[in-house]
Chemist: 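There's a structure below that I have some questions on.
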Amino acid sequence: KAGVTQTPRYLIKTRGQQVTLSCSPISGHRSVSWYQQTPGQGLQFLFEYFSETQRNKGNFPGRFSGRQFSNSRSEMNVSTLELGDSALYLCASSFAQGGSPLHFGNGTRLTVT
Amino acid sequence: GQQVMQIPQYQHVQEGEDFTTYCNSSTTLSNIQWYKQRPGGHPVFLIQLVKSGEVKKQKRLTFQFGEAKKNSSLHITATQTTDVGTYFCAGENTGTASKLTFGTGTRLQVTL
């Protein structure tokens, strides 16, 4: 069974630009969560989607948004990029919402210059 | 909001020594999960604990969930170089919000 696929793997953007990251969950998984990982802050929860609805949201500014499609694929968007947005963005899928183990993708490494 | 702390932040051991990382939550948890992230990799699920006082073993790894369901520990017996990585606990609230809050992580370095 294919794992969680995230694209692109690497991205370099300039301050002020926007970016869209993509995540394809494991087949049959309906929940997709997004995390931001930085050396100083660890793994910070961004949001979770289940059946195309945002179920939970972390403490990130409105510049961070996401959505989930009917096939469970998810995208996250960051607008007006700041230097501090440089991080590894990890997507994780799970079979159900709540209590299910997360299966992470390889992540997208975003560098903002 | 919920906070999950882990100690130590970093530990360097010689191969064959034991290692323990501790996880403490500010709130009572419905369950706790443990993940391992190898350098340059992504977190990989190891185990989930649900019951108060639960103990589970995976070969050289022993996981415990505290009686009050607010703390947990991971103990590795006789570490090997393959154990190198960062170990994260992740707790889920007992409330209606079902998001996992990850701990700060413990980075383990093992040398020969």
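To find a chain, count down the sequence lines: A is the first, B the second, and so on, and within it residues start at 1.
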Chemist: Looking at every heavy atom in both A:Phe104 and B:Pro43, which two are closest together, and how far apart are they?
Modeler: CD1-O, 3.4 Å
Chemist: Chain B heavy atoms under 4.5 Å from A:Ser94: which part of the residue, side chain, backbone, both or neither?
Modeler: neither
Chemist: How about CG on A:Asn59, more than 12 heavy atoms from neighbouring residues, nucleotides or ligands closer than 6.0 Å, or not?
Modeler: no
Chemist: With clusters defined by side-chain heavy atoms of hydrophobic residues (ILVMFWY) lying less than 4.5 Å apart, directly or transitively, does B:Phe19 cluster with B:Tyr22?
Modeler: no
Chemist: Measure across B:His42 and A:Asn106 and return the closest heavy-atom pair with its distance rounded to 0.1 Å.
Modeler: ND1-OD1, 2.8 Å
Chemist: Could you tell me whether A:Phe69 atom CZ has more than 12 heavy atoms of other residues or ligands within 6.0 Å of it?
Modeler: yes
Chemist: Under 4.5 Å between side-chain heavy atoms, counting indirect links through other Ile/Leu/Val/Met/Phe/Trp/Tyr residues: same cluster for A:Trp34 and A:Ile26 or not?
Modeler: no
Chemist: Examine whether an atom of A:Gln37 lies under 4.5 Å from a heavy atom of chain B, and if so say whether it belongs to the side chain, the backbone or both; otherwise answer neither.
Modeler: side chain
Chemist: For the ring pair A:Phe45 and B:Phe102, is the centre-to-centre distance below 6.0 Å?
Modeler: no
Chemist: With a 4.5 angstrom heavy-atom cut-off, which part of A:Phe47 approaches chain B: side chain, backbone, both or neither?
Modeler: neither
Chemist: Select one option (side chain, backbone, both, neither) describing which atoms of A:Leu43 are under 4.5 Å from chain B's heavy atoms.
Modeler: both
Chemist: Is A:Leu83 reachable from A:Val19 through a run of hydrophobic residues whose side-chain heavy atoms are each under 4.5 Å from the next?
Modeler: yes
Chemist: Do other residues, nucleotides or ligands put more than 12 heavy atoms under 6.0 Å from B:Gln58 CD?
Modeler: yes
